[in-house]
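Please read the structure below before turning to the comments.
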2 protein chains.
Amino acid sequence: MTTTTPRLSIGEVSERTGLTTHTLRFYEQEQLLVDPVERDSAGRRLFTEQDVEWLRVCTKLRSSGMPLPDIRRYVELFREGPQTVQARFDLLRAHQERVRAQVAELQSALDVIDHKVDFYARRMAAGTAETLWRNGPECDESANG
Amino acid sequence: MTTTTPRLSIGEVSERTGLTTHTLRFYEQEQLLVDPVERDSAGRRLFTEQDVEWLRVCTKLRSSGMPLPDIRRYVELFREGPQTVQARFDLLRAHQERVRAQVAELQSALDVIDHKVDFYARRMAAGTAETLWRNGPECDESANG
DNA sequence: GCTTGACTTCGAGTCGGCTCGAACTCCTAA
DNA sequence: TTAGGAGTTCGAGCCGACTCGAAGTCAAGC
């Protein structure tokens with residue numbers, strides 16, 4: 001039972017991950033992949049399914065704002081073996097906290113926005129229901145629309 | 001009863017809003033303020049409390065990723081008067097949706113991160129409890145740390 | 001009269017993360 | 001044998017939102 005691991009071209013990886021081929025080359029150059037990418041006889045990149053899996057995780061880290069240097073560091077630690085488990089944990093924990101903070105920040109902004117949207121919705125409803133508006137022409141909340 | 005509206009220096013506004021004086025000047029130049037900022041005899045900016053209030057809203061819009069051109073547009077509409085209420089509403093609604101999407105995206109990234117953090121936590125707990133690890137030296141999830 | 005400190009203008013620089021384009025090499029299929 | 005298409009390298013360019021620095025003005029206090 002000889003299982004040959006299939007390899008993927010950069011185009012295939014691009015399709016599977018949603019990253020452009022440009023970005024994939026860039027990521028490789030930035031050392032964001034766990035191990036060096038193989039090449040075929042013509043020098044073309046041969047990716048593995050594991051690369052794809054990792055790139056998917058990578059995408060999550062990126063979309064949650066982890067900087068490339070941190071991702072590189074994480075990958076580096078991974079390569080160094082099991083003795084870096086604590087360090088990897090710490091790195092992820094720190095990021096986890098940042099993302100939570102970011103969600104909280106967005107939520108707080110969203111509260112303000114929701115409130116304003118609501119205000120305008122009411123105002124428009126009132127404006128169409130009874131065209132007469134008794135508080136004068138510009139009655140925005142706190143005078144800022 | 002003559003109520004003189006007090007004016008604030010750029011430094012005071014900076015303190016109250018958390019924006020640097022550099023940024024405040026930049027925002028003025030980018031037309032993000034509702035009305036033109038007054039100046040004293042020496043050419044120094046005189047802000048109003050309303051400016052501060054608006055800047056606080058502005059900060060929320062920014063922290064939730066609204067681009068400066070959109071904010072400028074919003075302010076512009078506001079200046080144009082009540083007939084732009086629908087347009088302002090639309091603008092805010094669109095942003096609201098973007099922010100919600102962004103929160104969802106972060107949340108989905110957070111799920112992955114939480115899962116990984118959890119994985120490492122367990123692994124470390126196991127590693128310290130019984131130093132022997134029966135599945136070999138590198139048993140990361142799906143082989144990617 | 002001199003320093004201090006907050007202000008002014010202007011234009012240039014920074015940063016991260018792509019994004020693009022030029023010029024080239026291969027392989028395949030008609 | 002020639003055209004197409006997917007790949008390669010390299011370096012430059014872009015974007016938004018600041019951020020900084022130089023050089024100058026002004027008013028108050030010592």
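In what follows, chains are A, B, ... by sequence order, proteins preceding strands, each numbered from 1.
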Starting at the 5' end of DNA chain D, which residue's closest nucleotide do you reach first, B:R44 or B:M66? B:M66
Could you tell me whether B:R25 contacts a base, only the sugar-phosphate backbone, or nothing, with contacts defined as non-hydrogen atoms closer than 4.0 Å? base
Rounding to a whole Å, what distance do you find between B:L24:CG and C:dA6:P? 15 Å
Under 3.5 Å, is there a donor-acceptor pair linking the side chains of B:D111 and B:S108? no
Closest to the side chain of A:R39, out of D:dA17, D:dT8, D:dC26, is D:dT8
Atom pair distance, as rounded to whole Å: NE2 in B:H22 and C1' in C:dA12: 13 Å
Atom-to-atom span, CD1 of A:I10 to C1' of D:dG5 - whole angstrom: 15 Å
Just by modelled atom types, is the B:L110 backbone N or O under 3.5 Å from a matching donor or acceptor in the A:R100 side chain? no
Please check the phosphate of C:dG17 (OP1 and OP2 only) for any side-chain N or O of A:R72 closer than 4.0 Å. no
Answer with base, sugar-phosphate or nothing: what part of the nucleic acid does A:S9 contact at a heavy-atom distance below 4.0 Å? sugar-phosphate
Closest-nucleotide ordering on DNA chain D, the 5'-leading residue of A:L46 and B:G65: A:L46
Rounded to the nearest angstrom, tell me the gap between atom CD in A:E28 and atom P in D:dC10. 11 Å
B:E12 has an atom CD; how far is it from atom P of C:dA6, in whole Å? 12 Å
5'-most contact on DNA chain C: A:Y27 or A:A42, nearest heavy atom basis? A:Y27
